[in-house]
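Below: the structure, in structure tokens.
Computed from a predicted structure; not experimentally measured.
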Amino acid sequence: MAIRIGLLTEVIAMAFDTVRSNKMRSGLTVLGVVIGITSIVGMTALIRGFDESLRDMIRTLGPNMIIVQRFSVADFINGAEFKDLMKRPNLTVSDARVLEDQGETLQTVDIQLGGGGPGTQMQKVFYRDLKTKNIILFGTTEKFQEGAQIPMLMGRFFNGTEVQYRKNVVVLGYTPYKLLFQPSGTDPLGKMVRVGPERFEVVGVYDTRPAAGGFNLQQDDFVVIPYTVYTRIFGLKAIRVGRGGTIVPIQIAVMPRDGVTQSTAMAEVERIMRARHSLRLDEPNDFDLTTQDAILKLWDQISQATFFALIVISSIALMVGGIGVMAIMSISVTERTREIGVRKALGARRAEILFQFLMEAAFLTSLGGVLGIALGASIGWAVHLLSGFPISLPWWSFALGLGFSASVGIFFGMYPAFKASRLDPIEALRYE
């Protein structure tokens, strides 16, 4: 063991001397490895950061929330044709009422009008001489806040009495609050703003919502009013889409009771909605049920494919670097033929010569790996500091980069090392 440790120390010292005495050649040798590892670490930092921020945004749906929609993005990803989806019936407020009356496993049933997709209700919000751009107007019940994982910055959400008696009250998203009240430091609670044709009293303000990649995706550009007021002012007008198709901007959000699993509640919602739409046993659902888990699984498929593509692209640079290592190490074996002959004449075994050249190759590529890790992490932090884009630098990305770089050195250094170990000592000593 002492001999092996001594040999290892000697080989590392010799490898370091080789790198130091041939700086240009060594630099060009590991350049491909540096580029490959930099891309792995840098892109992993950005992709993981974006992934975590997107997951935070998806989690605002609530872990137990079940969204009943006419159709969703998942239908398109699963290959459904738009013309077939448009044949589905629009959801109605009566559907929500039936779920509320017949759903024994359901704790809350919330009606959400006007938000998302075609038919989205867009309105400006006015306060004195200030106004916002067009932002989304939601009409919901008082139960919206139970499912939405959006923190309140100040005030409260409207209550059941205000919904029942159609009170003109509004909860502002962070963007209208920031544009209308924050610059002057005015307390918005109790103030009157105009949304569309009518005036509303501000009863609450939402805090900022997470956004994928830290970008401004207009996730805070909304206000919420009671759905009863929404229907009184704007009605539930069907929006014409394409040829002959119409969409009513409505979705229903339900949550299971305590102690009831989400799958059990979904099964009951599906049963009630199928009966409501008079579907036969052999007919597919003409509505869509979406959960947080379903969206996360969909994103997992996309992110895994992206990460796999990253590995493939980076592997090309690593392979180019590995070929360079093989070429340079082959030249090094030729240049050091006499040295190999002397070592063999002094008793060095084939395994030790093989080990020496493998260690030199692994040392070169590992050095490239360390430089690539440092450069990739620096690029990630630079992007974060300059743009605010979220990053994540998990320890396994560093281990992956270092492991890849060492593996490239061992794999592509195997042929030159084997060639060196097979040299005849007498012929090697004669080499000039």
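The nearest pair of heavy atoms linking Leu393 to Ala45 is CD2-CB, 3.3 Å. Taking all atoms of both residues into account, the shortest heavy-atom contact from Met192 to Arg199 is CB-NH2, 3.2 Å. Nearest heavy atom pair, residue Ala96 against residue Ile111, reads CB-CG1, 3.5 Å. Listed here is the closest heavy atom pair of Ala265 and Thr105: CA-OG1, 3.5 Å. Considering every non-hydrogen atom in both Arg88 and Asn285, the closest pair reads NH2-O, 3.8 Å. Residues Ser405 and Thr365 approach most closely at O-OG1, 2.8 Å, considering heavy atoms.
In this structure the side chain of Glu142 never reaches within 4.5 angstrom of the side chain of Glu162, judged on heavy atoms. Here the side chains of Val202 and Tyr177 are not in contact, with every heavy-atom distance at 4.5 Å or above. Looking at Leu113 and Thr140, their side chains never come closer than 4.5 Å, going by heavy atoms from C-beta outward. Considering only heavy atoms from C-beta on, Ile66 comes within 4.5 Å of Gln262 through its side chain. Between Ile250 and Asn90, every side-chain heavy-atom pair lies at or beyond the 4.5 Å cut-off. Annotation: side chain of Phe287 is in contact with side chain of His277 (closest heavy-atom distance under 4.5 Å). Within the 4.5 Å cutoff, no side-chain heavy atoms of Phe138 are placed close to those of Val171. Annotation: side chain of Arg156 is not in contact with side chain of Leu189 (no heavy-atom distance under 4.5 Å).
Under the rule for a side-chain contact (heavy atoms from CB on, under 4.5 Å), the partners of Glu198 that lie at least two apart in sequence or sit in another chain are Asn168, Phe200, Arg232, Ile233. Here Val370 pairs with Leu402 under the side-chain contact (heavy atoms from CB on, under 4.5 Å) rule; sequence neighbours left out.
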Q: Please assess Tyr174 against Gln182 for the test side chain to side chain contact (heavy atoms under 4.5 Å, CB included), listing each intermediate value before the final yes or no.
A: CA-CA 10 Å; Tyr174 188 77; Gln182 194 178 54; 3.1 Å; yes
(Q) Before you tell me yes or no, could you show the steps for Arg280 and Glu283 under salt bridge (Lys or Arg N to Asp or Glu O under 4.0 Å), namely the whole-Å CA-CA distance, both residues' side-chain angles and the distance that decides it to 0.1 Å? (A) CA-CA 5 Å; Arg280 297 190 301 271; Glu283 290 181 316; 3.4 Å; yes
Q. Can you check side chain to side chain contact (heavy atoms under 4.5 Å, CB included) on Ile136 and Met122, steps first, answer last?
A. CA-CA 5 Å; Ile136 298 176; Met122 306 291 288; 3.6 Å; yes
Q.
Run Lys143 and Glu100 through side chain to side chain contact (heavy atoms under 4.5 Å, CB included) and show every step you take.
A. CA-CA 12 Å; Lys143 298 171 183 176; Glu100 194 170 30; 2.8 Å; yes
Q: Could you go through the side chain to side chain contact (heavy atoms under 4.5 Å, CB included) check for Ile391 and Val383 one step at a time?
A: CA-CA 9 Å; Ile391 63 169; Val383 171; 5.5 Å; no
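With hydrogens and angles disregarded, a donor-acceptor distance shorter than 3.5 Å links the side chain of Thr228 to the backbone of Val163. Judged by distance alone, with hydrogens and angles left aside, the side-chain atoms of Thr132 form no donor-acceptor pair with the main-chain N or O of Pro176 at under 3.5 Å. A distance-only check finds a donor-acceptor pair linking the side chain of Thr92 to the backbone of Asp95 [under 3.5 Å].
Between atom CZ of residue Arg274 and atom CD1 of residue Ile272 there is a gap of 13.5 Å, rounded to the nearest 0.5 Å. Annotation: the span from Leu91 atom CG to Arg70 atom CZ amounts to 8.5 Å, rounded to 0.5 Å. Summarising the geometry, atom OG1 belonging to Thr141 is positioned 7.5 Å from atom CZ belonging to Phe158; distances are rounded to the nearest 0.5 Å. The structure places CD of Gln123 at 9.5 Å from CZ of Arg194, a figure rounded to the nearest 0.5 Å. Remark: Ile40 CD1 to Ile35 CD1 distance equals 12.5 Å, nearest 0.5 Å. In this structure, CD in Gln112 is found 9.0 Å from CD in Gln69, a value given to the nearest 0.5 Å.
Checking Tyr206 against Gln145 by side-chain atom types alone, a donor-acceptor pair falls below 3.5 Å. Judged purely by distance below 3.5 Å, without hydrogens or angles, the side chains of Asp220 and Thr208 never pair a donor atom with an acceptor atom. Asp110 and Thr108 form no side-chain donor-acceptor contact under 3.5 Å, judged by distance and modelled atom types alone.
The number of heavy-atom neighbours closer than 6.0 Å to CZ of Phe126, taken from other residues, nucleotides and ligands shown, is above 12. For NZ of Lys191, the number of neighbouring non-hydrogen atoms (other residues, nucleotides, ligands) closer than 6.0 Å is greater than 12.
Tyr127 and Phe181 have tilted rings, their planes meeting at an angle from 30° to 60° on a 0 to 90° scale.
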